[in-house]
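Note sheet for the following structure.
All heavy atoms count here, side chains included; hydrogens, waters and symmetry mates do not. Proteins come first, then strands; the chains are lettered A, B, ... in the order of their sequence lines, and each starts at number 1.
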Amino acid sequence: MKKITILTLALAVLSGGAFAAGDAAPLPHQHWHFSGYKGTYDQAAMQRGLKVYREVCSACHSLDLVSFRNFEALGYDEAQVKNIAAEYTVIDGPDDDGEMFERPARPSDRFPSPYANKKAAVAANGAFPPDLSLITKARHHGPDYVYALLTGYGPAEHGVEVPEGKYYNKYFAGHVISMAPPLMDGQVSYEDGSPETLEQYAYDIVNFLTWAADPYMEERKRTGIKVILFLLAFAGVMFAYKKKIWADQH
Amino acid sequence: MGSGNREKFDNPVVEWVDSRLPVFTLLKAEYGVFPTPKNFNYFWNFGAIAMVMLITMILTGIFLAMSYNPSTAGAFESVERIMRDVNGGWLLRYMHANGASFFFIAVYIHIFRGMYYGSYKQPREILWILGVVIFLLMMATAFMGYVLPWGQMSYWGATVITNLFSAVPVVGDAIVTLLWGGFSVDNPTLNRFFALHYLMPFVIFAVVFLHVWALHVTGSNNPTGVEPKTKKDTLPFHPYYTIKDSFGVLLFLALYSAFVFFAPDSLGHPDNYIPADPLVTPAHIVPEWYFLPFYAMLRAITFPVGIPFTDIVFIEAKLGGVLVMFGSIALLFALPFLDKHPIRSARYRPLFRPAIILFLLNFIFLGYVGSQSADATLFGLPLSIFGLAATAVYYGFFIVLIPLLNKYEEGRELPPSIHESVLEAQQKSKAPEAA
Ligand code: HEM
């Protein structure tokens, strides 16, 4: 990794590019349904995002902090959540004979990881595919970043050399990423008539992942408006009262 | 505070308690009728605000500790469990994480207020020194708290900062081993940091008690820096300042809430949402914002100090940085003894006033320098040069400028009393209306 960085750095200097290695391109900003002080999650987008996640990302990435039961927040009812869970198997045990056994997942189970451990994940992918439960909080401007990353593949620019099995990405630090472009047009079929395009997939998966990282955002903002209005109103009353008490001093 | 004069209370229960333990007499004397200068501006709200934040931190912290798991294997996950599975857990955690920042905001303003109006001067030296002790303890507490969620910044911040102590001659390595409880930042480190992080706020509480006690011996300073002389200069603390403080506290809490509810992660570093990994160093290790000016001073010393043109080195660069950083706080302790100028308030010191404002801007600039990576540049020059210059300005303020001002600065005419200065201000503000 270090060698690659040094190499790309040397190349960047030689080619006289204004681009230093590690300097990712500036992030384009998207309009998110969840941004702003009243922003809420777009349930339809999250449901589509879950579909993309299940069909694509979950092959390599884990989502350790999310349980199936949490999917009720996406607008599924209990029975639907049960059905989604039942499509996965998890390892449980030990049973009375001391054996581990497989069983269908239940809503209370965490979303299963694709690999038994970190080493296995690295061995299969050439780099560690990070857990995605907190990814939108774990990067600067997380939602914009993940969107940009997923749509930022293309032919190498600025003389960056891309080794075998690696890919060029405009927005990844150092530009050389071990994740093959995970999404392309038409890859996941949508039942609600939404366009089956890379951009739409990226938008949907970001909605889903932002929820996964911050499941209480809507409650947080709703509570916040009440708390702040209360504090300001109370402060206003105190200010009026203060004026009255201090009147004899002015 | 003891067996002296006791008040009489009409309420029989209050009277019964007070005749056995005169807490009500104490409260009345210290917070009821306590004579307080009548000319406070809003800068005088920040003591009460800091107190509210300390209590907020202790309460939210105790509830967090009930679900927190201080082990390298479980800490990160337990914090996320608090965020996801504990009722109201996200609120507790965001209140605590942002509360630390707002506690520091309040205390920084409080400290600057003290410097601007000369509140550290005779007879309030011990009051000031206790305040600096609180500030130091807060820094230690916040540093250890930031380690607890065991994210990447927790781990690497702890590694960088604890390593500093190895620069101390002779005992350095022993100190580091003691801090770590082993040979690197690991489970024993996290355990002892948790134990200390739980303990220190209560030590802070005790020092705050002493701080307030000292305040009630000397009485408060005020924007003129002129001591109250007659009854006309003061007001009873209650209701005048209880009400004003309530207003200020509520406004501050509203601002704090804006962060807790609408930008709860904006003051933290995204890397701390990545679980700690001793094998992956973050691209850019930065402490929390409230440490940045001191971090800049730590990094300002990039060269050893010794005899030029020889190999003789007295102070390694690393030790130099550590000394400069701790020295910057030592100067705060020394301030009451450095500044001998007879006038307290910057209002009546034509030279000290611009100097202290520049000192503040320089401190903020140091914060900016601390936030940048070590190889950053500014106007085409390495930023470390600016860091060194700003550090020199910080030191120069205390050890060059203040002694010079002691000697040469002529103050402006002081108002004869607080009362007169209030009257004068009122006349000035009324004059345009009449015209
Ligand atoms: C002077 C008062 C205090 C300060 C300045 C302070 C500061 C901090 C900071 C900066 C963090 C890291 C927050 C984060 O990024 O997640 C933290 C975490 C924590 N603190 Fe405190 N704290 C204080 C008092 C307390 C007290 C009294 C307790 C317990 C009785 C406590 C328990 C905890 C726990 C369990 C955590 C880990 C959970 C978390 O990271 O959110 N704190 N503290």
Side-chain angles (χ1 to χ4, degrees), chain A residues 1 5 22 35-39 64-67 69-70 73 110 118 128 130-131 133-142 145 173-174 212-217 219-246 248-250, chain B residues 38-39 76-77 79-81 83-85 87-91 93-95 151-152 235 238-266 268-275 277 279-280 283-284 373 419 422 425-426 429-430:
Chain A
M1 190 65 218
T5 321
S35 56
Y37 74 99
K38 283 197 295 200
D64 284 346
L65 299 171
V66 176
S67 304
R69 65 183 163 80
N70 299 135
R110 299 282 183 103
K118 199 168 172 173
F128 178 60
D131 184 82
S133 329
L134 284 167
I135 198 77
T136 59
K137 283 187 180 179
R139 298 289 181 276
H140 286 286
H141 306 289
Y145 172 72
D214 197 3
Y216 286 101
M217 180 209 69
E219 186 185 336
R220 168 159 62 71
K221 289 178 181 171
R222 258 184 280 128
T223 317
I225 290 175
K226 285 184 213 143
V227 168
I228 291 177
L229 285 180
F230 169 79
L231 288 170
L232 289 178
F234 197 11
V237 170
M238 283 296 168
F239 185 70
Y241 193 34
K242 183 206 154 239
K243 279 231 125 137
K244 195 170 151 232
I245 286 179
W246 281 76
D248 60 351
Q249 295 299 320
H250 292 302
Chain B
K38 65 180 188 180
N39 59 335
F76 188 89
E77 163 129 10
V79 171
E80 277 306 314
R81 271 191 175 272
M83 295 289 284
R84 290 157 193 266
D85 298 337
N87 284 331
W90 59 267
L91 180 56
R93 201 270 175 134
Y94 278 152
M95 280 178 74
Q152 274 289 68
L235 293 169
H238 181 73
Y240 291 97
Y241 285 110
T242 39
I243 190 78
K244 191 173 176 181
D245 278 346
S246 310
F247 169 61
V249 165
L250 286 165
L251 220 52
F252 189 83
L253 290 181
L255 186 68
Y256 165 44
S257 303
F259 276 79
V260 169
F261 293 101
F262 295 102
D265 292 309
S266 59
H269 198 289
D271 277 15
N272 232 24
Y273 278 110
I274 304 171
D277 185 347
L279 301 178
V280 179
H284 183 185
S373 64
H419 181 63
V422 171
Q426 277 170 3
S429 70
K430 277 193 189 122

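Other residues, nucleotides and ligands place no more than 12 heavy atoms under 6.0 Å from the CZ atom of A:Phe234.
Atom CH2 of B:Trp90 and atom CD of A:Glu219 lie 5.5 Å apart (nearest 0.5 Å). The OH atom of B:Tyr273 sits 14.0 Å away from atom CZ of A:Arg139, with the distance rounded to the nearest 0.5 Å.
Under the salt bridge (charged side-chain N to carboxylate O under 4.0 Å, His left out) criterion, B:Asp265 pairs with A:Lys137, sequence neighbours left out.
With a 4.5 Å cut-off on non-hydrogen atoms, A:Ile225 touches chain B through its backbone and its side chain both.
In this structure, B:Glu77 pairs ionically with A:Arg110, as a charged nitrogen and a carboxylate oxygen lie closer than 4.0 Å. Using a 4.0 Å cut-off between charged side-chain N and carboxylate O, A:Arg69 and B:Asp85 make a salt bridge.
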Throw together a table of side-chain donor-acceptor distances under 3.5 angstrom for residues 244-261 of chain B, partners on residues two or more places apart or in other chains.
residue	atom	partner	partner atom	Å
B:Lys244	NZ	B:Phe40	O	2.9
B:Ser246	OG	B:Thr242	O	2.6
B:Tyr256	OH	B:Met95	O	2.6
B:Ser257	OG	B:Leu253	O	2.7

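Using a 4.5 Å heavy-atom cutoff, the side chains of A:Lys118 and B:Asp277 are in contact. With a 4.5 Å cut-off on side-chain heavy atoms, A:Val66 and B:Arg84 count as touching.
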Original post:
Do A:Phe128 and B:Val280 pass the side-chain contact (heavy atoms from CB on, under 4.5 Å) test, and can you show the C-alpha distance, the side-chain angles, and the key distance before you say yes or no?
Top reply: CA-CA 11 Å; A:Phe128 178 60; B:Val280 179; over 6 Å; no
**OP:** Please report the C-alpha distance between A:Trp246 and B:Leu235 in whole Å, then the side-chain angles of each, then the deciding distance to 0.1 Å, and finally whether the side-chain contact (heavy atoms from CB on, under 4.5 Å) criterion is met.
**Re:** CA-CA 10 Å; A:Trp246 281 76; B:Leu235 293 169; 3.7 Å; yes
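Summarising the geometry of B:Ile243 relative to A:Met238, their closest heavy-atom pair is CD1-SD, 3.3 Å, with the distance given to 0.1 Å.
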